[in-house]
2 protein chains.
Amino acid sequence: MASHGARGRGGGRPTLEEVAARAGVGRGTVSRVINGSPRVSDVTRAAVEAAVAELGYVPNTAARALAANRTDAIALVVPESETRFFAEPYFSDMLRGVGAAISDTEMQLLLIFAGSDRERQRLADYLAAHRVDGVLLVSVHADDPLPDMLARLEIPAVISGPRSAEETLTSVDSDNYGGARQAVEHLVGRGRRRIAHITGRLDVYGAQRRVDGYRDALRDAGHPEDDLMIEAGDFSEEGGRRAMAALLERHPDLDAVFAASDVTAAGARHALREAGRRIPEDVALVGYDDSAIARHMDPPLTSVRQPIEEMGRRMIDLLLAEVADRRPAASRELDRRQVVLATELVERTSS
Amino acid sequence: MASHGARGRGGGRPTLEEVAARAGVGRGTVSRVINGSPRVSDVTRAAVEAAVAELGYVPNTAARALAANRTDAIALVVPESETRFFAEPYFSDMLRGVGAAISDTEMQLLLIFAGSDRERQRLADYLAAHRVDGVLLVSVHADDPLPDMLARLEIPAVISGPRSAEETLTSVDSDNYGGARQAVEHLVGRGRRRIAHITGRLDVYGAQRRVDGYRDALRDAGHPEDDLMIEAGDFSEEGGRRAMAALLERHPDLDAVFAASDVTAAGARHALREAGRRIPEDVALVGYDDSAIARHMDPPLTSVRQPIEEMGRRMIDLLLAEVADRRPAASRELDRRQVVLATELVERTSS
DNA sequence: AGGTACCGTGGGAGCGCTCCCACAAGTGAT
DNA sequence: ATCACTTGTGGGAGCGCTCCCACGGTACCT
């Protein structure tokens, strides 16, 4: 006991063994109580719980992790720089949703940025050390090597926003295609005839799906193919501004714009203002995400709402299921699940 | 070896012992190499490093934490809700600074929100379990119980923004008093005579110091005490708007405003616009933080820059020193350090 | 030559848990 | 009364490291 010298200073925290002694039971029994096993009699459980309370016992996470080979932590990995993370409400909304969901569990959530090469190297080391039981991946680009790395390390992962229609990871997404259709159908319903679209980054699958939705909605409304007015953006405000300017140049007669994100719409709004167009009188504007920006814009922005909170919850549920499922490594491939949640159009005065 | 059944699946990761066998040395030697101890001969070190590389050895964090009684992780605790965190550039700038500083170390950074009661309870459990070696506290209110809890648990902590002049924790701060003086002196220098101040939350010590700086700068410039035009804000945009409106009501003749944060200044700007005042012609405006908002405001905002990056670095350095210093718990009280860093006025067109 | 240092090194003990086997006691069927 | 379970329990073994003691070897003194 004295051999480790100055360690465990100040009397230290009580251990399982001490709780067991105090409660007059064995180590195993205390462990069972702590972990909520049903195979403990009520009397014993009460005695142990009393001892735990008296001693102020808190399990040692490191010991537990070592013995049980799990960490009780999952990581939310954002393959972007901090700067972009903070600039885009999508990420913070997602973080909020995931945070809410995780707080119902015993799990801990880690936020990891992997924007720069350096950060990616750190992340790789981190994952190699198996410091988390599972990973949540947000908005990964088509050619990102991260998913493969996770597969190689056999770390369970759930992705928000599949990389393609054949996503191999379990994924959760909102109905980008349907959401885009809602937006365009809404504009058509309001009598708009010349509807443009500013896309997101097209290496993001969801952005492509929004283009598909836009295209199909217009076609179904009887618009000829060459009515399409598409300009590439990148989800940023500046990108929205530039795309809008280009669209106005090419199609001065447009009377509506569907932007692939609220931030993009904010950029478009600037360009429209500069060009002297009134919103919504001259040009109707619809965004995507229904973030705080949409509510505070002038005029308030009609936007497609994704159920971010729900998405976060589903991601956590699926990931925890995969983590728990790590026993016989049986037919797990079979039910690769792709959850798609419905969107909702929130109408405001911009359209 | 077989007794633990299905655990450690897939052949598992190599252990220290395996590396030692491969390199033909003892366990202790490998440990020394891994931890960079100088007491290893060059030949041996090379052999071990080769074995590590061949086997792809990565230390098991849990085992290390258990044996060494440390976690190699520190937490950045934000006693605010996620919402406020994302709304205030101060926090994200601070996170960026701290993140940059930590990435030079082997430490891991955890971001923990403690806005709601529930989150605070989680945090308490978390700290009680000693899951981090140290804590970084950002913008704590005067009556927050967190610092006491940390002291009780003997967890090293560094605070950004001391709670009072007698802060007992090691702290890092920018010179709020001096920064405020810079701002006011700048306005005086530009010939402004009726300078108002919108404060931050006054339960934050730094906000009080800014008031002091404002007050003293005006007094030193020969303004009588009753020239003071102070209105309380709360660092938020809405608070700035309200305070500005109140100030205009009471002092329609004011010609300059020093706001306690850029976000506050943004709110003030709105109120000024609504009241038909031009910036800077009618009213000069100066903010604090020099955040992204200041650069993008219309007109670009003159603001007091805090060296956030540097603050983050200093906080990390001090905290790691305290963590490392946890040996004889000697005369640590003696050198309680209060680092104060200089600010810099960034002049733009709003003043 | 003997003594005293100090390397560099090997490996025992221990960190605080979980897992699982063993076993006592109780329950019900035969 | 016997066997076969079930239920609750105790405690050994082991997770993969770090810490530290002990020991052989070399270098430098007397």
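Values below: every heavy atom of this structure, side chains too, minus hydrogens, waters and symmetry copies. Chain letters run A, B, ... following the sequence lines, proteins first and then strands; every chain starts at 1.
- Note: B:Phe86 and B:Phe113 have tilted aromatic rings, judged against thresholds of 30 and 60 degrees for the angle between ring planes.
- Considering only the side chain of B:Val25, C:dG10 comes nearest among C:dT18, C:dG10, D:dT18.
- Comparing the axis of the opening five pairs of the helix from C:dA1-D:dT30 to C:dT30-D:dA1 with that of the closing five pairs yields an angle of 40°, rounded to 10°.
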Stepwise salt bridge (charged side-chain N to carboxylate O under 4.0 Å, His left out) check, A:Asp104 with A:Arg313:
CA-CA 10 Å; A:Asp104 293 336; A:Arg313 191 166 300 279; 3.1 Å; yes

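- Side-chain atoms of A:Asn35 come within 3.5 Å of backbone N or O of A:Ser31 as a donor-acceptor pair.
- Distance CG (A:Asn60) to P (C:dC15): 11 Å, rounded to an integer number of Å.
- Using modelled atom types, no side-chain atom of A:Asp72 and backbone atom of A:Met107 make a donor-acceptor pair closer than 3.5 Å.
- Atom CG of B:Leu55 and atom C1' of D:dG16 are 15 Å apart (whole Å).
- Atom CD of B:Glu17 is separated from atom C1' of C:dG10 by 11 Å (rounded to the nearest Å).
- An OP1 or OP2 oxygen of D:dT9 is reached within less than 4.0 angstrom by a side-chain nitrogen or oxygen of A:Ser41.
- The nearest whole Å value for the distance from the CZ atom in B:Arg131 to the P atom in C:dC17 is 13 Å.
- A straight line from CZ of A:Arg39 to C1' of D:dT6 spans 8 Å, rounded to a whole angstrom.
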Determine whether B:Val158 and B:Val135 satisfy the following criterion, side-chain contact (heavy atoms from CB on, under 4.5 Å), listing intermediate values before the conclusion.
CA-CA 7 Å; B:Val158 170; B:Val135 169; over 6 Å; no

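- A straight line from CG of A:Leu16 to P of C:dC15 spans 13 Å, rounded to a whole angstrom.
- Closest to the A:Ala63 side chain, of the nucleotides C:dT18, C:dC17, D:dT7, is C:dC17.
- Taking every heavy atom of both residues into account, A:Ile155 and A:Leu127 meet most closely at CD1-O, 3.6 Å.
- Listed by residue number, B:Arg27, B:Gly28, B:Thr29, B:Arg32 are the residues of residues 27-35 of chain B with a heavy-atom contact under 4.0 Å to DNA chain C.
- Of the possible donor and acceptor atoms, none in the side chain of A:Arg27 sits under 3.5 Å from a partner among the backbone N and O of A:Glu17.
- Considering B:Leu137, B:Ile316, B:Leu136, B:Leu110 as possible partners of B:Leu76, the one that fulfils the side-chain contact (heavy atoms from CB on, under 4.5 Å) test is B:Leu136.
- Taking atom CZ on A:Arg64 and atom C1' on D:dG16, their separation rounds to 18 Å, with Å as the unit.
- Between the side chains of B:Glu119 and A:Ser103, no donor N or O sits under 3.5 Å from an acceptor N or O.
- The distance between atom CG of A:Leu66 and atom P of C:dC15, rounded to the nearest whole Å, is 13 Å.
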